[in-house]
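In what follows, a structure is listed as structure tokens, so that the remarks can point back to it.
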Amino acid sequence: MLLRAALILLCSLAVPAMAQPLGPRQLAIVINDDDPNSVAAGAYYREARGIPEANVVHVRIPGKPRRLAPSQFFALKDQIDSALGPEVKAVLMVWTAPYAVACNSITGAYTLGFDGEQCRRSCAEGKPSPWFNAPSPPAEARRLSMLLPTESVEQARALIDRGKASGFRIVPSSAYYLVTSETARNTRARLYPPQGRLAARQLNIRVLRSDALEDADDIMVYQTGMARVDKLATLSFRPGALADHLTSLGGDLLGDSQMSSLRWLEAGATASYGTVSEPCNHWQKFPQPAVLLRHYLGGATAIEAYWKSVAWPAQGLFIGEPLAAPYRR
């Protein structure tokens, strides 16, 4: 049944997006004035993307904690929301840490509301997201959210530049899906779109049995299941590329027990995803490959395509440049 759904989704990849993609005037950026890197990267992003000054929110989070207590997060969210008008549909937090609220990701908690049940049973089913595979913004949805990491201001600027460059023209690219030797992390493999070429988008879809992609120079999508992904230094990503790996703690950005999702951005991807607490290997807690590809090729921005691809995203952290849209009309 799931394989059939993936095939149906692939057949509809050429269908244009039903809603107008997110634009700079609908995006707010949140800057941590206690973090110089956040201040510098936030200023660069506002200028690069033409974010209205009214959409810039300044907060203070001393000490760069990796996780916030729910009470700290609620106060932060109230401060952000009270500064924004109804025209703002998405929020970009410009910092690396904090990236979690107890066991939830900060993006999951902001957009869906804090889910304390996942902390009591982290491997349990998550609350369904109204954004999952939605053709247009759901009526009951809160603002989308994403994190733009700033451990290095130079790398943050390069990431922003890649996102902006993605909108200039469609370039020949490939979407790579790897079936690896780590069986428990292959739960998305049956959901990979079948191999083929989508001529209208100049995109080749390639499904490989390998633990790592090597020497590829045309990557628009790279999805795999590994605790650590090797040979990233040999790869070249297209502007706007999406890349993620199914593993337990990719969203623990500053942890070292598994590969951080930051490694994807450092390698040249423009957006990524990872979980901040043990999700077990439910595919619903990770980006569904065919759904992600369909919405991105339909013209959605990176933040919209990623959010629409995760069924249960409470534990999942969305990172990168939100307005990247290489297939936007």
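All of these numbers come straight from a predicted model, not from anything done at the bench.
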Which atom of [X] lies closest to which atom of [Y], heavy atoms considered:
{"X": "Tyr99", "Y": "Leu254", "value": "OH-N, 3.4 Å"}
{"X": "Thr150", "Y": "Ala41", "value": "CG2-CB, 3.6 Å"}
{"X": "Ile31", "Y": "Gly42", "value": "CD1-CA, 3.8 Å"}
{"X": "Pro193", "Y": "Ala290", "value": "CD-N, 4.3 Å"}

Could you tell me whether the side chain of [X] and the main chain of [Y] form a donor-acceptor pair under 3.5 Å?
{"X": "Thr275", "Y": "Gly316", "result": "no"}
{"X": "Tyr296", "Y": "Gly240", "result": "yes"}
{"X": "Arg162", "Y": "Gly268", "result": "yes"}
{"X": "Asp215", "Y": "Leu235", "result": "no"}
{"X": "Gln79", "Y": "Leu76", "result": "no"}
{"X": "Glu304", "Y": "Thr301", "result": "yes"}
{"X": "Ser272", "Y": "Ala243", "result": "yes"}
{"X": "Asn204", "Y": "Ser174", "result": "no"}
{"X": "Arg25", "Y": "Ile51", "result": "no"}
{"X": "Arg238", "Y": "Ile219", "result": "no"}

Spacing of [X] atom [atom1] and [Y] atom [atom2] [to the nearest 0.5 Å]:
{"X": "Leu148", "Y": "Thr96", "atom1": "CG", "atom2": "OG1", "result": "8.5 Å"}
{"X": "Asn186", "Y": "Ser181", "atom1": "CG", "atom2": "OG", "result": "8.0 Å"}
{"X": "Asn281", "Y": "Thr187", "atom1": "CG", "atom2": "OG1", "result": "5.0 Å"}
{"X": "Leu112", "Y": "Lys127", "atom1": "CG", "atom2": "NZ", "result": "9.0 Å"}
{"X": "Gln202", "Y": "Met220", "atom1": "CD", "atom2": "CE", "result": "10.0 Å"}

Check whether any side-chain heavy atom of [X] sits under 4.5 Å from a side-chain heavy atom of [Y], and report yes or no.
{"X": "Pro322", "Y": "Tyr45", "value": "yes"}
{"X": "Val291", "Y": "Val310", "value": "no"}
{"X": "Ser261", "Y": "Asp244", "value": "no"}
{"X": "Lys89", "Y": "Arg142", "value": "no"}
{"X": "Met93", "Y": "Ile29", "value": "no"}
{"X": "Phe73", "Y": "Pro98", "value": "no"}

Co-membership, hydrophobic cluster, residues [X] and [Y], 4.5 Å side-chain:
{"X": "Val88", "Y": "Trp307", "answer": "yes"}
{"X": "Leu242", "Y": "Val171", "answer": "no"}
{"X": "Leu84", "Y": "Phe74", "answer": "yes"}
{"X": "Leu92", "Y": "Trp131", "answer": "yes"}
{"X": "Phe237", "Y": "Leu292", "answer": "no"}

Within 45° cone and under 6.0 Å: Lys308 NZ/CZ vs Phe132 ring
no
Report the residue from [options] that forms a side chain to side chain contact (heavy atoms under 4.5 Å, CB included) with [X].
{"X": "Val101", "options": "Ile106, Val276, Asp115", "answer": "Ile106"}
{"X": "Trp95", "options": "Asn37, Val39, Asp35", "answer": "Asp35"}
{"X": "Cys103", "options": "Cys119, Pro279, Ser122", "answer": "Cys119"}
{"X": "Val30", "options": "Val94, Ile80, Asn55, Val56", "answer": "Ile80"}

After noting the C-alpha distance and the side-chain angles of Tyr110 and Asn104, does the key distance pass the side chain to side chain donor-acceptor pair (under 3.5 Å) rule?
CA-CA 10 Å; Tyr110 183 88; Asn104 289 200; over 6 Å; no
Can you give me every donor-acceptor pair (side chain of residues 152-160, partner residue at least two apart or in another chain, under 3.5 Å) with its distance?
residue : atom : partner : partner atom : Å
Ser152  : OG   : Glu154  : N            : 3.4
Ser152  : OG   : Gln155  : N            : 3.1

Sequence neighbours left out, cut at 3.5 Å: what donor-acceptor pairs do the side chains of residues 225-233 make with other protein atoms?
residue : atom : partner : partner atom : Å
Arg228  : NH2  : Asp256  : O            : 2.6
Arg228  : NH2  : Ser257  : O            : 3.3
Lys231  : NZ   : Glu214  : OE1          : 3.1

Test side chain to side chain contact (heavy atoms under 4.5 Å, CB included) applied to Arg294 and Asn133, step by step:
CA-CA 9 Å; Arg294 175 182 183 270; Asn133 203 24; 4.1 Å; yes
Can you name the residues that form a ring pair (Phe, Tyr, Trp, His ring centres under 6.0 Å) with Tyr306, not counting sequence neighbours?
none
By ring pair (Phe, Tyr, Trp, His ring centres under 6.0 Å), which residues pair with Trp264, not counting sequence neighbours?
Tyr222, His245
Among Tyr177, Tyr176, Trp283, which residue satisfies the ring pair (Phe, Tyr, Trp, His ring centres under 6.0 Å) criterion with Tyr192?
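It is Tyr177, the one option of Tyr177, Tyr176, Trp283 that forms the ring pair (Phe, Tyr, Trp, His ring centres under 6.0 Å) with Tyr192.
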Per the side chain to side chain donor-acceptor pair (under 3.5 Å) rule, which among Arg185, Glu278, Gln315 passes with Ser248?
Glu278
Qualifying residue, where the test is side chain to side chain donor-acceptor pair (under 3.5 Å) with Arg60 and the options are Asp34, Asn32, Asp33
Asp34
Is the number of heavy atoms from other residues, nucleotides or ligands under 6.0 Å of Glu125 CD greater than 12?
no
Return yes when atom CZ of Arg197 has more than 12 non-hydrogen atoms of other residues, nucleotides or ligands closer than 6.0 Å, and no otherwise.
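Count over threshold, so yes.
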Compute whether any side-chain donor of one residue and acceptor of the other, for Thr247 and Gln258, lie under 3.5 angstrom apart.
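Indeed, the side chains of Thr247 and Gln258 share at least one donor-acceptor pair under 3.5 Å.
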For Glu321 and Thr270: C-alpha separation, side-chain torsions, deciding distance, then whether side chain to side chain donor-acceptor pair (under 3.5 Å) applies.
CA-CA 6 Å; Glu321 201 286 283; Thr270 303; over 6 Å; no
Test side chain to side chain donor-acceptor pair (under 3.5 Å) applied to Ser105 - qualifying residues, sequence neighbours left out:
Thr107
Would you mind listing every disulfide (SG to SG under 2.5 Å) that reaches into residues 268-306, with sequence neighbours excluded?
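Every disulfide (SG to SG under 2.5 Å) pair that includes a residue of residues 268-306, provided the two are not neighbours, is Cys123-Cys280.
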Could you walk me through whether Ser145 and Thr111 pass side chain to side chain donor-acceptor pair (under 3.5 Å), step by step?
CA-CA 6 Å; Ser145 55; Thr111 298; 2.8 Å; yes
